Amino acid sequence: MGVSGDRGRPLGVVKQFLVGAGLLGRGLGLVLRRPKLLGLGLLPALIAGALYGTGLFFLIDFLPQLSSGVTWFAGDWAEGIRDLVRVLAGLGLLGLAVLLGVLTFTAVTLLIGDPFYERISELVEDRFGGVPGEVEVGFWPSLRRSLADSVRLIGLSVLIGVPLFMLGFLPVVGQTVIPVLGGALGGWLLAVELTGVPFQRRGQRLRRRRAVLAANRPLALGFGVAVFCCFLIPLGAILMMPAAIAGATLLARTVLGQPVSDPGSGRVADHQLGR
């Protein structure tokens, strides 16, 4: 399934990528025009942010002991070299923790705020015509499915993120190719995670979600990479989560061939969202 332009012609890969990135901006516009959506989305992100911030605080507090533990082999080295190795090890541990935090923050936040994000996504869906044949899922079945999908995606994030972090220490390649590859993979995982709510509303699980997004990979990557870059900014993951949920709902509707604009206008009219 490809994405077409205004005249029905398929868009090129670069244009699809840019359209995907633009979906995050459209999601931001939707939530900024509706304080109700913004408030719903910020609460679970703030809770998750507090949990991750507490974990980071304790990590930094115990970082000297941890860096000494992972550099046990340097115990008998000259003091200057030993201290340098331990500082580098500490920075490496901190960098790895931040990377894993970025990769897992979305899954944890989605799990905490499932009812909130379900409501945001539902309001966006209703604004653009609703969901034909919507599948009603109870709270506990929905929570179990979200938990199972989150565990899978967190595991995949760790399996990919740790090797990429280690490869980042390679000369030249680690400072050029690896960051781009990491951003692309991180963006893909975020696109898969964030579209979980609208796909679940249609009775479609993780395997189907990946298949549909893979058929529209440039579009999904454009959205996911834009979210990934915003999440790297301090407090970006908390402040942008409501917009990411709204944008992911637009992404899901787009890849499933459902409208994301007002009939006959071609433009999004935000003033009616959330009525």
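Model, not experiment: these values are computed from the prediction. Quick note: numbers below take in every heavy atom, side chains included, and nothing from hydrogens, waters or symmetry partners.
- When each of Val19, Val124, Val260 is checked for a side chain to side chain contact (heavy atoms under 4.5 Å, CB included) with Arg26, only Val260 meets the rule.
- Under 4.0 Å is where a charged nitrogen must lie from a carboxylate oxygen, and between Glu122 and Arg201 no such pair does.
- The distance from the OG1 atom of Thr254 to the CD atom of Gln16 is 11.0 Å, given to the nearest 0.5 Å.
- Cluster membership for Trp188 and Leu110, using ILVMFWY side-chain heavy atoms within less than 4.5 angstrom, is shared.
- Note that CZ of Phe199 and CD of Gln204 are 6.0 Å apart. Values are rounded to the nearest 0.5 Å.
- To the nearest 0.5 Å, the span separating CG on Leu23 from CG on Leu219 amounts to 6.0 Å.
- Smallest separation of non-hydrogen atoms from Val70 and Ala89: CG2-CB, 4.0 Å.
- The shortest non-hydrogen separation linking Pro198 to Glu125 is CB-OE2, 3.6 Å.
- Distance CZ/Phe17 to CG/Leu221: 6.5 Å, rounded to 0.5 Å.
- Taking both residues in full, the closest heavy atoms of Thr106 and Leu190 are given as OG1-CD2, 2.9 Å, listed atom of the first, atom of the second, then distance.
- Residue Arg86 comes nearest to Ser67 through the heavy atom pair O-CB, 3.4 Å, listed as atom of the first residue, atom of the second, then distance.
- Distance OG1/Thr195 to CZ/Arg253: 14.0 Å, rounded to 0.5 Å.
- Side-chain contact check for Tyr117 versus Thr109: some heavy-atom pair is nearer than 4.5 Å.
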Requested in this report: Could you walk me through whether Leu194 and Leu251 pass side chain to side chain contact (heavy atoms under 4.5 Å, CB included), step by step?
Outcome: CA-CA 10 Å; Leu194 290 165; Leu251 173 62; over 6 Å; no
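- Summarising the geometry, atom CD1 belonging to Ile233 is positioned 13.0 Å from atom CD1 belonging to Ile238; distances are rounded to the nearest 0.5 Å.
- With a 4.5 Å cut-off on side-chain heavy atoms, Phe223 and Leu250 do not count as touching.
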May I have the list of side-chain donor-acceptor pairs in residues 44-62 shorter than 3.5 Å, sequence neighbours left out?
residue : atom : partner : partner atom : Å
Tyr52   : OH   : Thr104  : O            : 3.4
Tyr52   : OH   : Thr104  : OG1          : 2.8
Thr54   : OG1  : Ala50   : O            : 2.8

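- Taking all atoms of both residues into account, the shortest heavy-atom contact from Met240 to Cys230 is CG-CB, 4.1 Å.
- Leu96 and Phe105 fall within a single hydrophobic cluster, where Ile, Leu, Val, Met, Phe, Trp and Tyr side chains are chained together by heavy-atom contacts under 4.5 Å.
- The side-chain hydrogen bond (donor to acceptor under 3.5 Å, both in side chains) analysis of residues 231-252, with sequence neighbours excluded, yields the pairs Ser121-Thr249.
- Partners of Arg209 by side-chain hydrogen bond (donor to acceptor under 3.5 Å, both in side chains), not counting sequence neighbours, listed by chain and number: Asp149.
- Following chains of ILVMFWY side-chain contacts shorter than 4.5 Å, one can reach Phe231 starting from Leu235, so the two form part of one hydrophobic cluster.
- Across all their heavy atoms, Thr176 and Val180 have their closest contact at O-CG2, 3.4 Å.
- Glu79 CD: 12 or fewer foreign heavy atoms inside a 6.0 Å radius.
- Grouping the Ile, Leu, Val, Met, Phe, Trp and Tyr side chains by contacts below 4.5 angstrom, directly or via other members, places Leu30 apart from Val197.
- Looking at heavy atoms from C-beta onward, Lys15 lies out of side-chain contact with Pro218 at the 4.5 angstrom threshold.
- A salt bridge between Arg202 and Glu134 is absent, with no side-chain N of the basic residue lying under 4.0 Å from a carboxylate O of the acidic one.
- Criterion: ILVMFWY side-chain heavy atoms under 4.5 Å apart, direct or through other members. Under it, Leu66 and Leu84 are not part of a common hydrophobic cluster.
- Residues Phe116 and Leu43 form a side-chain contact, since some pair of their non-hydrogen atoms from C-beta on lies under 4.5 Å apart.
- Leu42 is not listed as a side-chain neighbour of Met241, based on a closest heavy-atom distance of 4.5 Å or more.
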